[in-house]
Amino acid sequence: MRDLTRHRLFWPVLALVLLLAVNAIATPTFLQVRMQDGHLYGSLVDIARNGAPVLLVALGMTLVIATRGIDLSVGAIAAIAGAVACVHIAGSPDPASAGTAITAITLALAVCILLGLWNGFLVSVLGIQPIIATLVLMTAGRGLAMLVTGGQITTVNNAFFKALGAGYFLTLPIAILVSLAVLAITGLITRRTALGMLVEAVGINPEASRLAGVRSRTIIWTVYVFSAFCAGLAGLMIAANTSAADANNAGLWIELDAILAVVIGGTSLAGGRFSLMGTLVAALFIQTLSTTIPTIGIPSETNYLFKAVVVIAVCLLQSPKARAAVWRRSNRSSLVKAGRA
Amino acid sequence: MTHMSADAHPSSGPRPGDAPSDIEPVVEMTGITITFPGVTALDDVSFRMFPGEVHALMGENGAGKSTLIKALTGVYTIDAGTIRVGGTEQQFAGTATAQAAGVSTVYQEVNLCTNLSVAENMMLGREPRRLGRIDHRRMNRRTREVLARLGLDIAPRSRLGDHPIAVQQLVAIGRAVDIEARVLVLDEPTASLDSEEVDKLFEVVRSLRSQGVAILFVSHFLDQVFAISDRMTVLRNGRLVGEHLTRDVTRLELVEEMLGRELEVLERLDREPSRQPDERRTPVLRAVGLGRKGALAPVDLDVYDGEVIGIAGLLGSGRTELARLLFGADASDSGTVELRGRRVHLRSPRKAVDQRIGFSSENRRSEGVIGDLTVAENMLLGLQAARGWLRPVPPRTRDQLVTKYVEALDIRPANPDALMRNLSGGNQQKVLLARWLIMQPDLLILDEPTRGIDVGAKAQIQQVVDDLARDGMGVVFISAELEEVLRLSDRLVVMRDRHKVDEIPNVQTTTADLMAIIARDEEVARA
Ligand SMILES: Nc1ncnc2c1ncn2[C@@H]1O[C@H](COP(=O)(O)OP(=O)(O)OP(=O)(O)O)[C@@H](O)[C@H]1O
Ligand SMILES: [Mg+2]
């Protein structure tokens, strides 16, 4: 039992299960998944689909945080990706074709990789604190997206592009498949090669890693590029879902949800050991929480407050120190009671 | 007042070493048991200390010395047993309560704030104040005084992290000594100190002893233990195996008690024929005028295959700086380096590793250990970095290498998946050595490789270095322990004041000769 509670996935999984149980009690149909026109429908599917962008961003964020960094610019990058893709589609001579959708997606992702290179350059070569370095793009990025869209919400009408956010493949939403694919590929690349271990080494002790001959600069650079790529993909999904690029609101505050997912998932902000599965569970938890709030009748004004309370509770549960303190206190009070009796 | 001078208190306390029945122990620990998942670090250990004695805590690497200390200072909560300090039973719930009970500690791994100044570290938490604000003038003056007693003359305002590890260690000691305490705990305080600093430290320790302070002293240097301690407690594998008055035991008895067996290897090295460094070939490494402003005046150095170059010099003489320049850990701003006759520019450690150079830093905590990775990952980090991330070390090779070196260096616990930070200091040091041995470099630079390593393992590591040189590796060997440098080296380079002042072949050289060279230059400089 003790070993079980010590497992790093224990608390995130427990939190998710509890939350699902609350929902199932509040809405009896919550756990139902039904097949209609060859597509799966149901609250669980919705949660997974709506959570896909956060999961994607959080995957990139996990690796960045593992190197002791942080990437605040992901929301802005997501907006830029949507803007680039939509503007390209809208301006192309053949705005409804599959070819246009593919070039638009490629173009947007290429731009994101450039932005990631910029972040990585600031952090690894110029040695700027990650929080400051990525703040640059966080604030300037939305301006860039506005420039791209010319300040308008750009709408498009391309079925192939729309599929990325709202389409289905083999009964499942494509958004879910894409985010799971990225998760699987990231897992393979980090754990089947030595990349994951080197990322962790750099995060735990950068100087010792450098002296052991680790190319820490390249590794740090790589994780920022990867993070921007993931953010770009998330941005495309968001834009595709609505068939529109909204430079101001697309991916707004997504960086906060992503950082939260990483932390709840058991990766420390101090860098080092990371857990992609933890991030997955936590991202689902956060998405479920957002859906739960209206369904269990919590007034929408207290929405954020409620979310904050739950998040704090989960973080406390996870901290061995906090658990020890609570444990000690309850022991002591039971001793006192025993003494009185 | 915290001022104390060596002769202010003529032996007024109890006679050191005796444990008269009418004197209460100041520390009494009974039946202490501490377990970590999978390891029983301490098993029913009892331990006591009397006022006015220097008590040595002895044992191999991983015997449980640091753990016992951390139990006493409230870092770990004990699973069983009682702790009494000054006659009252203590329930330490953290280090602050232990401090309040009068226990002042210097831990094995220096844990000060490298970003703060020397004075800030020294006075942290008890800064002198004036009108509610920190009185920096007084703080700096006080720091200077404390450090002067330890024979250290550095600017109180300088950043602590800019000083070598030995200086940081002295600052930690100064801080602990300056807190008026009943019990002073020193866990391997001398591991990176030269004999001069050790003498100064012992002066301070003796003066504290004469004032009735109980001093707990851990060291793997038997000379020091016999010179300073009155009583000793010996641990083996987490169990208590003996408590003696120092004057009642011989070195041999002590070592056998610590190891649980006899020690054979120690003298073998001296008897073996000396190595034959191949000086006709081009040197592995030739440095000409290699230097860095403010750190090292230009140095010329040749290292041949199969040769051990010993670098001797006092603290701050530039030993470590030279090692770091040779490895590219710091960038040089003058001079050239040739490897096997080919000019190279060592811009980074990475470049040096590619050129088959290895470097084990003296500062294992901040420049070696990756605490949250496992023993196996720490050992293979260098090799993995050299192969690049795309080519992970295959599991088979990995297991073979790890098993081989865990055995060869007797690393305990022999569990490749143990977290590095849970290993004892000496065992961590062995893992870091293994990291470089696995790489089989052509040139290996070892800065204090035996720091914190017990007597048995030290001989073993010296043997390893000797074997490596016999197999043709070039080795640069740095140690504050002159005997060790003399035992291993073919050639000796003497450093002083960030200059190379002499280079001699090591033929029948004695520590006295070596000290004389260092001292002679001192006189020349003064004249
Ligand atoms: N936090 C921990 N978790 C697990 N094991 C630990 C932990 N701390 C210490 N140990 C284990 O307890 C044993 C005793 O370690 P300790 O640090 O007390 O040794 P030591 O006598 O100080 O050795 P050294 O001379 O190398 O410093 C070792 O086997 C070590 O691996
Ligand atoms: Mg120790």
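A, B, ... follow the sequence lines: proteins, then strands. Residue 1 opens every chain.
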Calculate, to the nearest 0.5 Å, the distance between atoms [atom1] and [atom2] belonging to [X] and [Y] respectively.
X: A:Glu255; Y: A:Asp71; atom1: CD; atom2: CG; result: 9.0 Å
X: B:Arg451; Y: B:Ser361; atom1: CZ; atom2: OG; result: 9.0 Å
X: A:Leu117; Y: A:Phe121; atom1: CG; atom2: CZ; result: 10.5 Å

One pair to check against side chain to side chain contact (heavy atoms under 4.5 Å, CB included): A:Leu280 and A:Leu59. What are the steps and the verdict?
CA-CA 8 Å; A:Leu280 167 69; A:Leu59 286 176; over 6 Å; no
Checklist line | Considering all heavy atoms, the nearest B:Phe327-B:Ala352 contact | finding: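 In terms of heavy atoms, the two residues are closest at O-CB, 3.1 Å.
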Review point. Nearest heavy-atom pair of B:Leu116 and B:Asn121: which atoms, and what distance?
Key: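 Heavy-atom minimum between the residues: O-ND2, 3.6 Å.
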Let me know if [X] has heavy atoms under 4.5 Å from chain A in its side chain, its backbone, both or neither.
X: B:Ala386; result: neither
X: B:Thr77; result: neither
X: B:Val393; result: neither
X: B:Arg365; result: backbone
X: B:Asn378; result: neither

Donor-acceptor check, side chain of B:Arg319 to backbone of B:Ile478, threshold 3.5 angstrom: yes or no?
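Answer holds: no.
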Test item: A:Glu200 side-chain N/O and A:Phe274 main-chain N/O as donor-acceptor pair under 3.5 Å:
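Yes.
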Looking only at the side chains, is there a donor atom on one of A:Thr279 and A:Thr62 sitting less than 3.5 Å from an acceptor on the other?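 Yes, a side-chain donor-acceptor pair sits under 3.5 Å.
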Within the 3.5 Å criterion, strictly below it, is a donor on B:Asp79 or B:Thr35 matched to an acceptor on the partner's side chain?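 Short answer, yes.
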Query raised in the report: When only pairs under 4.5 Å are counted, which of B:Ala329, B:Gly382, B:Gly388, B:Ser360 shares the most heavy-atom pairs with chain A?
Result: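 Heavy-atom pairs under 4.5 Å are most numerous for B:Ala329.
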Which residues from [range] are near chain B, with near meaning under 4.5 Å between non-hydrogen atoms?
range: residues 122-136 of chain A; answer: none
range: residues 181-195 of chain A; answer: A:Ile189, A:Arg192, A:Thr193, A:Ala194, A:Leu195
range: residues 204-226 of chain A; answer: A:Ile204, A:Asn205, A:Glu207, A:Ala208, A:Ser209, A:Arg210, A:Leu211, A:Ala212, A:Gly213, A:Val214, A:Arg215

So, [X] and [Y], do they make that salt bridge, N to O below 4.0 Å?
X: B:Asp354; Y: B:Lys351; result: no
X: B:Glu362; Y: B:Arg324; result: no
X: B:Glu377; Y: A:Arg273; result: yes

Checklist entry - Quick one: ring pair (Phe, Tyr, Trp, His ring centres under 6.0 Å) partners of B:Phe36, sequence neighbours excluded? => result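 Only B:Tyr76 meet the ring pair (Phe, Tyr, Trp, His ring centres under 6.0 Å) criterion with B:Phe36.
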Can you tell me which residue among B:Leu444, B:Leu446, B:Leu437 is in a side-chain contact (heavy atoms from CB on, under 4.5 Å) with B:Val465?
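Checked B:Leu444, B:Leu446, B:Leu437 against B:Val465; only one passes side-chain contact (heavy atoms from CB on, under 4.5 Å): B:Leu446.
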A:Met138 atom CE, neighbour heavy-atom count above 12 within 6.0 Å: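 Result for CE/A:Met138: enclosed.
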